[in-house]
Asker: 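Sharing a structure here in structure tokens format.
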Amino acid sequence: MCQAQEEYGGCDQPRRRPRVSCAQKCMKCKEASPVLVIRVGDAFCKACFREYFVHKFRAMLGKNRAIYPGEKVLLALSGGPASSSMLRQVQEGLSRETAKKLRFMPGIIYVDEGAVCGQSLAEREKTLLQLETVLQASGFPYHLAHLEEVFDLPSSILQRVPHHPAGPKDNYKEAVEGFIRQQRQEEGGGPSVPERQIQEKLAKVSVRDAPGMEGLAAPEARLLAAVRTEQLIRLFGSVKTLTAKEELLQTLRNHLILHTARAHGYSKVMMGDSCTRLAVKLLTNLSLGRGASLAMDTGFSDDRHGDVVVVRPMREYSAKEIAFYNHLFGVPTVFTPALDTKALEKASIHRVIERFLYGLQAEFPSTVSTVYRTGEKLSVTPGDAGPAAEPERCLLCLCTLDTNVEDGSALQAILVSERLSQQKLPAAAPAGRGCCLGAEEQRGCCMNTTAPGADARADFLPLLCYGCRLTIKDTTCLESLPLYVRSEAERRKRRAAMKLEIQEFLLEDEAVTPGES
Amino acid sequence: MAAPMSLLVEFGGGAELLFDGVKKHQVTLPCQPEPWDIRNLLKWIKQNLLKERPELFIQGDTVRPGILVLINDADWELMGELDYKLQDQDNVVFISTLHGG
Amino acid sequence: MPAPCSACGASPAALRRPKTGHALCRACFLAAFEEETHQAIVAGRLFRPGETVAIGASGGKDSTVLAHLLQLLDQRHSYGLHLLLLSVDEGIAGYRDASLAAVRRHQRRSGLPLHVVSYRQLYGWSMDRIARHLGPRNNCTFCGVFRRQALDRGALLMGADKIATGHNADDVAETVLMNFLRGDVGRLRRGVGTGPAGGEGAVPRCKPLRHAYEKEIVLYAYFQGLDYFSTECVYAPQAYRGYARALLKELEAVRPSAVADLGHSGERLSLRSDLRMPARGTCQRCGYVASQPLCKACVLLEGLDRGLPKLGIGKHRRLRDKLRDGEPLTQEERRRLGAPAEGEPPEEQEPRGELGTDEEPWGRRELRGPQDLDF
């Protein structure tokens with residue numbers, strides 16, 4: 001069939017990249033000579049670029065009115081360019097004169113993922129040392145977390161905590177004004193409330209959180225850490241594809257950040273996703289079957305956890321702007337290898353999408369922003385979801401479940417294909433895939449339909465959204481998952497069973513009554 | 001005939017991993033009949049500095065999409081990109097914006 | 001020795017299904033593929049008994065497999081359909097001639113009635129002639145817009161209640177990607193439209209193969225020995241869609257379920273309720289569905305007829321308004337709309353075939369939209 005199907009004829013082709021023009025003036029001040037080109041052909045000089053960059057951050061926070069004065073905000077720092085730039089913007093904002101000052105109380109979290117990204121202990125130490133220098137220089141309280149700590153998370157992390165914000169959005173202005181009034185009254189030369197609190201925080205030595213490690217002597221702690229690292233490596237080893245590893249890492253990292261935020265009373269988490277990264281994420285998640293939760297995954301604010309809201313204030317900066325800002329204004333970054341560092345270009349869905357988008361962007365310079373803008377048009381709530389009932393949420397990502405089977409849907413077709421491709425009688429050997437082969441030390445193979453693990457898998461999958469199901473399908477051994485995940489799955493399963501029982505009971509009851517009367 | 005010239009070539013954002021983790025390289029380009037521009041600097045880098053996986057840095061005759069180039073702290077798009085004629089003591093910076101380097 | 005078939009457990013497997021990862025033998029695959037198509041038709045309530053269904057037949061693998069399957073399933077499950085083949089002749093020498101020959105062979109074997117409508121007859125322009133005016137780019141825009149209407153008009157002529165097209169899961173997945181890459185918000189949901197109401201034209205459309213992988217369609221055709229025509233359109237390589245296609249192939253190589261996963265994503269997208277969507281009206285000239293006063297096909301045709309082929313391509317709203325108001329265009333403006341430079345010989349007139357006379361009752365000027373037909 002022809003490639004230009006009828007649906008696409010009506011739309012215009014994106015513009016190709018224009019020829020580069022040299023030696024123009026800054027498009028803003030029309031005086032200084034420019035140092036970089038942003039968007040399509042806008043050249044900025046260094047001073048105007050800085051002003052533009054700093055203003056954009058404040059404008060983003062102001063526009064969305066998401067962060068209230070005095071609120072505790074946790075900045076998720078990876079050491080990479082975008083989050084490092086975000087940290088600098090918060091520092092800039094807090095040091096401004098009163099009128100333009102940001103008025104929240106920042107803290108920072110860094111998650112050390114070295115164990116699964118192929119770093120040796122020595123390399124991890126070195127990275128942590130570099131990061132700690134940056135963290136200390138920031139003057140903000142900070143939390144160093146290790147991915148290993150996910151094994152000690154409570155299962156409440158997978159439960160949404162309903163939260164009623166201080167007031168509706170209309171009251172934002174009031175809240176800000178009230179805060180400023182209060183500040184003026186208190187102003188007797190002493191530092192303002194948040195500053196004082198920050199200083200109090202700083203007076204304490206920074207907190208190193210390690211749940212489960214308190215009260216342990218150093219050698220014991222080290223031993224436990226080694227066991228945890230071992231567990232983590234085994235977990236990621238049981239994931240068959242880099243795509244699923246990426247997804248799992250992201251999920252676990254988010255849980256750990258959420259836990260830190262809850263434990264320390266942060267009500268917001270700031271993530272440094274840039275416009276470029278979000279465009280990659282949009283297409284990646286689209287390809288991972290996460291269409292239903294795109295708006296949640298990439299929007300400015302993400303309240304899937306209820307009490308702790310994730311915000312993405314860097315979302316209007318391109319990776320290029322950020323790289324230039326960091327380079328021109330000396331923002332320190334710490335390079336840490338990722339799961340896919342130096343991996344083959346086609347190793348994961350994430351990789352393929354990134355390479356594709358960057359390549360297309362080089363030819364059609366509006367590609368990234370077009371994808372990003374399209375994402376902005378999406379809604380967080382599924383079209384037909386009633387506001388009354390709290391929707392069922394995915395065990396792992398806490399997005400609304402998108403696995404209701406509708407007639408004629410892609411999901412239904414997949415289920416039909418699966419059913420038709422398997423033997424009718426369940427007595428025979430499992431379908432094609434032998435897992436856990438060569439991993440004899442792991443008890444209870446979970447792909448094998450005859451082993452008890454199969455039930456675990458069958459119980460597990462219905463609790464997940466479409467996208468997380470794909471991740472778990474690529475995970476050979478569910479027993480390697482952290483306890484909090486397994487116990488929450490167990491809890492949900494029990495609850496569902498109980499609900500069913502009660503329902504049956506009620507139905508029976510009803511059925512009996514008319515006969516008796 | 002271009003005289004030998006001295007450049008400071010820098011790699012950042014993870015691009016340095018392809019250069020043994022070394023970020024700053026003080027290099028001297030040899031004499032050659034035609035003048036040095038970014039295009040043949042890239043060829044020279046590929047032959048002399050790149051340690052592994054050249055396709056992660058150079059694709060075709062230009063840098064891999066997602067790697068930014070700054071010439072003396074200015075966007076190379078303002079300088080003629082591949083055609084920029086290098087001067088002695090120029091500073092050329094390559095910053096990867098790709099995830100995980 | 002390959003692994004045994006996961007469905008029957010007896011015969012050696014002949015293929016691994018990209019959608020589910022199962023290894024099936026030939027017989028089980030054919031049976032599963034047919035049953036899945038049937039289930040998709042039933043679940044989607046695509047047809048009603050007694051309906052006349054025009055199968056958009058291009059001679060390519062998708063529509064050939066579709067025609068074969070619909071005929072087979074109609075007999076097997078007594079759908080009670082009147083099936084027809086409907087082909088569009090875009091007028092692309094060497095491509096459509098050969099593929100139409102494949103359609104004719106299919107017609108002879110299947111005994112289904114065939115009807116061919118041509119661009120030349122409907123619009124007065126063949127694609128080859130349009131391409132000579134336009135140059136190598138944007139041809140797919142013309143072809144796509146024209147085909148959408150051509151199928152509708154053909155189906156109306158044949159008295160069909162429904163058009164079935166051979167869109168497969170790969171097409172759907174590409175569309176989902178394309179809509180994002182081009183920022184086509186209006187089509188985000190429509191592109192994967194499921195049921196009979198999914199089309200945007202006059203005659204309801206359905207896509208019985210929209211959950212079937214292209215790979216499996218090819219394998220099905222191969223195992224069944226179906227005769228189809230497989231050459232890329234000579235104008236296709238320039239299309240932007242090629243990028244999305246290349247991307248999809250890479251995604252599928254990394255994770256074979258990606259094609260279906262994109263389909264699922266596309267179905268579950270929800271748009272913000274505060275977005276303004278273009279209102280749908282009808283074209284002032286031909287009565288076809290349109291969001292502007294003139295439908296896209298009429299704007300494109302207007303451009304061709306005025307010797308300004310790029311009139312309907314890109315953002316030339318200001319120039320379109322000028323033309324509408326009868327203001328003259330400058331030489332530069334004419335050049336931007338693709339007018340040939342002065343001194344170039346005028347375009348030769350295309351000889352009109354026996355079907356292409358303006359007297360035809362359904363020639364394009366005369367054809368009114370579906371609203372005017374008792375349907």
Side-chain angles (χ1 to χ4, degrees), chain A residues 1-14 241 243 282-283 285-292 294 346-349 352-353 356 360 367 370-371 373-375 377-379 381-383 402 407-414 416-418 420-423 428-429 431-433 466 470, chain C residues 3 6-7 9 17 19-20 22-24 32 35-36 39-40 43-44 58 60 62-63 140-141 143-145 147-148 166 171 175 178 180-185 187 191 194 211 233 236 239-241 243 247 250-251 254-255 258 260-272 275 296 314:
Chain A
M1 180 153 276
C2 176
Q3 303 319 303
Q5 303 297 355
E6 45 263 43
E7 285 128 279
Y8 325 111
C11 200
D12 303 323
Q13 301 274 309
T241 61
T243 304
L282 276 163
L283 287 190
N285 285 7
L286 202 59
S287 310
L288 295 174
R290 294 190 171 278
L294 281 188
K346 296 181 182 175
S348 70
I349 297 280
V352 165
I353 294 283
F356 170 82
L360 203 59
T367 304
T370 303
V371 172
R373 300 270 165 236
T374 311
K377 308 275 177 11
L378 299 171
S379 158
T381 47
D402 59 344
D407 272 352
S409 65
L411 179 57
Q412 187 186 43
I414 292 165
V416 168
S417 296
E418 280 178 355
L420 291 173
S421 306
Q422 280 167 12
Q423 262 173 311
R433 293 176 269 187
Y466 185 97
L470 295 176
Chain C
S6 62
R17 303 197 72 180
K19 196 165 165 182
T20 65
H22 291 97
L24 293 187
E35 181 60 16
E36 281 163 25
Q39 299 264 344
S58 67
D62 301 300
S63 61
C140 295
T141 303
C143 198
V145 171
R147 182 172 326 97
R148 180 168 50 213
D171 295 325
T175 305
M178 280 286 281
F180 265 82
L181 291 172
R182 298 204 304 197
D184 208 339
V185 180
R187 290 197 166 94
T194 47
H211 297 311
C233 171
Y240 186 76
R241 188 175 182 77
Y243 293 103
L247 172 62
E250 283 192 19
L251 292 173
V254 175
R255 180 181 257 184
D261 302 341
L262 276 161
H264 174 78
S265 274
E267 287 175 7
R268 307 284 166 145
L269 292 174
S270 59
L271 290 179
R272 271 175 22 210
L275 294 177
K296 191 81 179 170

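Only heavy atoms go into these numbers, but all of them, side chains included; no hydrogens, no water, no symmetry mates. Naming convention: chains lettered A, B, ... in sequence-line order (proteins, then strands); numbering from 1 in each chain.
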Asker: Can you tell which of C:Arg272, C:Lys19, C:Arg17, C:Gln39 has the highest number of heavy-atom pairs within less than 4.5 Å of chain A?
Answerer: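 Among C:Arg272, C:Lys19, C:Arg17, C:Gln39, the one with the most close pairs to chain A is C:Arg272.
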Asker: Checking the side chain of C:Glu267 only, and the main-chain atoms of A:Ser409 only, is there a donor and an acceptor separated by less than 3.5 Å?
Answerer: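 The answer is no, because no donor-acceptor pair under 3.5 Å joins these two groups.
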Asker: Checking C:Ser58 against C:Ser63: is there a side-chain donor and acceptor pair closer than 3.5 Å?
Answerer: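 Their side chains do contain a donor-acceptor pair, which is all the 3.5 Å distance test asks for.
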Asker: Using a distance-only test with no angle check, is there a side-chain donor-acceptor pair under 3.5 angstrom linking A:Ser417 and C:Glu36?
Answerer: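 Short answer, yes.
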Asker: Distance from C:Leu247 atom CG to A:Leu283 atom CG, nearest 0.5 Å?
Answerer: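 One finds 7.0 Å between CG of C:Leu247 and CG of A:Leu283.
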Asker: Report the option among A:Val416, A:Val371, A:Asp402, A:Leu288 that has the most heavy-atom pairs separated by less than 4.5 Å from atoms of chain C.
Answerer: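 Option with the greatest count: A:Asp402.
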Asker: Under 4.5 Å from any heavy atom of chain C, what part of A:Gln412 do you find: side chain, backbone, both or neither?
Answerer: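 A:Gln412 touches chain C through side-chain heavy atoms alone.
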Asker: Please classify the contact of A:Leu294 with chain C as side chain, backbone, both or neither, using a heavy-atom distance under 4.5 Å.
Answerer: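 Contact with chain C is through the side chain of A:Leu294 alone.
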Asker: Which one of C:Ala43, C:Ala23, C:Gly183, C:Ala258 has the most heavy-atom pairs closer than 4.5 Å to chain A?
Answerer: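 Greatest number of close heavy-atom pairs with chain A: C:Ala43.
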Asker: Determine yes or no for a side-chain-to-main-chain donor-acceptor pair under 3.5 angstrom, with A:Ser421 supplying the side chain and C:His22 the backbone.
Answerer: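 Not confirmed, A:Ser421 side chain does not pair with C:His22 backbone.
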Asker: Roughly how far, to the nearest 0.5 Å, is OG of C:Ser6 from CD of A:Glu418?
Answerer: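 So the gap between those two atoms works out to 11.0 Å.
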Asker: Answer with side chain, backbone, both or neither: which region of A:Leu282 has an atom nearer than 4.5 Å to a non-hydrogen atom of chain C?
Answerer: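 Side chain only.
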Asker: Could you look at C:Ala40 and say if it's the side chain, the backbone, both or neither that has a heavy atom under 4.5 Å from chain A?
Answerer: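 Contact with chain A: none, neither part.
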Asker: Roughly how far, to the nearest 0.5 Å, is OG1 of A:Thr367 from CG of A:Leu360?
Answerer: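 Rounded to the nearest 0.5 Å, the CG-OG1 separation comes to 4.0 Å.
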Asker: Counting only non-hydrogen atoms closer than 4.5 Å, does C:Leu24 touch chain A with its backbone (N, CA, C, O), its side chain (CB onward), both, or neither?
Answerer: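 When you check distances to chain A, only side chain atoms of C:Leu24 fall under 4.5 Å.
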Asker: Side chain, backbone, both or neither: which part of A:Arg373 has an atom under 4.5 Å from a heavy atom of chain C?
Answerer: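 For A:Arg373, no heavy atom lies under 4.5 Å from chain C.
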